[in-house]
Protein chains: 2
Amino acid sequence: MHRVQVTAISDVMMLGPQATRHLHVLRLQAGERVQVFDGQGAHAEAVVFDLHPDVGRATLHLQPDSVGTVRGAETPQPVTLAVALLKGDKLTDVVRAATELGAANIQLLITQHAEARDIGAQKLTRLRRIASEAARQSERSVTPDVLEPVKLSTYQWNGTLLVAHPGSATRITELLTWDAPLTLLSGPEGGLSDTEMQDLQARGAQAITLGPRILRAETAPIAMLGAIAATGV
Amino acid sequence: MHRVQVTAISDVMMLGPQATRHLHVLRLQAGERVQVFDGQGAHAEAVVFDLHPDVGRATLHLQPDSVGTVRGAETPQPVTLAVALLKGDKLTDVVRAATELGAANIQLLITQHAEARDIGAQKLTRLRRIASEAARQSERSVTPDVLEPVKLSTYQWNGTLLVAHPGSATRITELLTWDAPLTLLSGPEGGLSDTEMQDLQARGAQAITLGPRILRAETAPIAMLGAIAATGV
């Protein structure tokens, strides 16, 4: 059954242009059933009541008693990927893979050596759409939020913060306990500065290795989340 | 110091058009020093003797007593990534990330549900060039070989074969011993068929999980190698 994300699950659900276009591309018609999910862990079955791709509007009617909550595809504690702003389309690939690999949030960071100093509203909207699409394709019921960039020096995290750092010999599996929310931090192409690393460690962050090779800034976050996905849950 | 790959380390090394262009882009001139590596684990220092980007030829002279062997960036046993042929440019990203994450070989596979049935000579050459560039950028002295596609049904591997399989609950860290060469196998977009999985397991392969979510065919190999890089070496 095809899956479509809705703002909230209710008796009658109106879809906007994007989701309507998606149903249209799938050749769905009135009377057919779809699975809806709200990006927060709830899902249900619904029937397409009407579908107007020309005006970008569709209506779904909830199937009674079909509402459920899915947490099966989620990590034991929420995992946040905190990632430095990267140039060009690199964040697109990171957001897509991070969603597949179970990130609950993606926090964009402004760092000293960052290639990009800010991100436009349009690009942020695009990253959020990519997260939503990737959540659907990877059959997650939670869509990660892509959070507006904050400065690394003032970034506040909850729980455990692990930083990918070339100088570290500590393995991620040595520190992974799942007794608190987890944040995985990955720097920009030029790496974090010594000052930034020292400041993070003074605030309780722990450095981990991703092996003895130099990774590109877009590979490191996927490797970290891959390690979590393959070993942690 | 800039790094450049040579066919073999010797007293006088002639570079072809591609490596010459690389030195030219780096604005290197006669008399400057570079690090050379042979893609097999040996490295040395050399001096640029002459550089002719117009004819695509350069000559390097070896610095005496500088030849060494680097294995520091390599895994304890060679890791082969065996990956199904994928459509479009997806293999490019896989080869690049796999090289960064320490793969010693990349074996292309023809599988039942593969999106592509073969790969052209030009595309194979391109993948090999990408592996060479990624080896240089990740400061490896070994360049993975990208091996011509073979049918999965007749594929012979050495040592341990671990297959990413959505149905498995076994974690990669439970099976990783480094007492033999390791092959990590990842299927095509449509997954391996039941017959293929059964055949592999009958031949000694073990299935591992990459978490409870559905991964794209290009994300799974990076997640597997990321897990190895973060936990194994």
Side-chain angles (χ1 to χ4, degrees), chain A residues 3 70-76 79 90 93-94 96-103 133-142 162 164 166 168-176 184 189 208-233, chain B residues 3 70-76 79 90 93-94 96-103 133-142 162 164 166 168-176 184 189 208-233:
Chain A
R3 303 177 84 234
V70 181
R71 294 271 170 210
E74 301 307 311
T75 48
V79 175
K90 294 174 186 173
D93 294 337
V94 170
R96 189 179 285 117
T99 303
E100 290 172 70
L101 291 167
E133 285 169 8
R136 186 174 53 72
Q137 282 165 6
S138 59
E139 303 194 0
R140 290 183 65 184
S141 47
V142 173
L162 305 182
S168 174
T170 308
R171 297 172 186 183
I172 197 167
T173 39
E174 295 170 37
L175 300 174
L176 197 62
L184 303 175
E189 202 64 68
I208 57 156
T209 178
L210 293 175
R213 293 157 298 271
I214 308 296
L215 301 183
R216 284 175 305 149
E218 60 267 43
T219 306
I222 305 178
M224 288 173 102
L225 284 161
I228 298 283
T231 67
V233 275
Chain B
R3 302 178 85 235
V70 181
R71 293 272 171 211
E74 300 307 311
T75 49
V79 175
K90 292 174 187 174
D93 295 336
V94 170
R96 190 179 285 119
T99 303
E100 289 172 70
L101 292 167
E133 286 169 7
R136 187 174 53 72
Q137 284 165 2
S138 59
E139 302 191 2
R140 290 182 65 184
S141 47
V142 173
L162 305 181
S168 175
T170 308
R171 296 172 187 184
I172 197 167
T173 39
E174 295 170 38
L175 301 175
L176 197 63
L184 303 175
E189 201 66 68
I208 57 158
T209 178
L210 294 175
R213 293 158 297 270
I214 308 296
L215 301 183
R216 283 174 305 147
E218 60 267 44
T219 305
I222 306 177
M224 287 173 102
L225 284 162
I228 298 283
T231 66
V233 274

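Predicted, not measured: the structure shown is a model, and the values here were computed from it. Here is how names work: the chains are called A, B, and so on, in the same order as the sequence lines, proteins then strands, and each is numbered from 1.
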Participant: Just verifying a value: how many Å separate A:Leu175 CG and A:Leu162 CG, rounded to the nearest 0.5 Å?
Facilitator: 5.5 Å
Participant: With sequence neighbours left out, what residues match A:Ile222 under side-chain contact (heavy atoms from CB on, under 4.5 Å)?
Facilitator: A:Ala97, A:Leu101, B:Ile222
Participant: So which of B:Arg216, B:Arg140, B:Glu174 has the largest heavy-atom pair count under 4.5 angstrom toward chain A?
Facilitator: B:Arg216
Participant: Heavy atoms, side chains only, cut-off 4.5 Å: are B:Glu100 and A:Thr219 in contact?
Facilitator: yes
Participant: Can you tell me which portion of B:Ile208 sits under 4.5 Å from chain A's heavy atoms? Options are side chain, backbone, both or neither.
Facilitator: neither
Participant: Just to verify, what does A:Gln137 make a side-chain contact (heavy atoms from CB on, under 4.5 Å) with, not counting sequence neighbours?
Facilitator: none
Participant: In terms of heavy-atom pairs under 4.5 Å, which option from A:Leu225, A:Ile172, A:Thr99, A:Leu215 contacts chain B the most?
Facilitator: A:Leu215
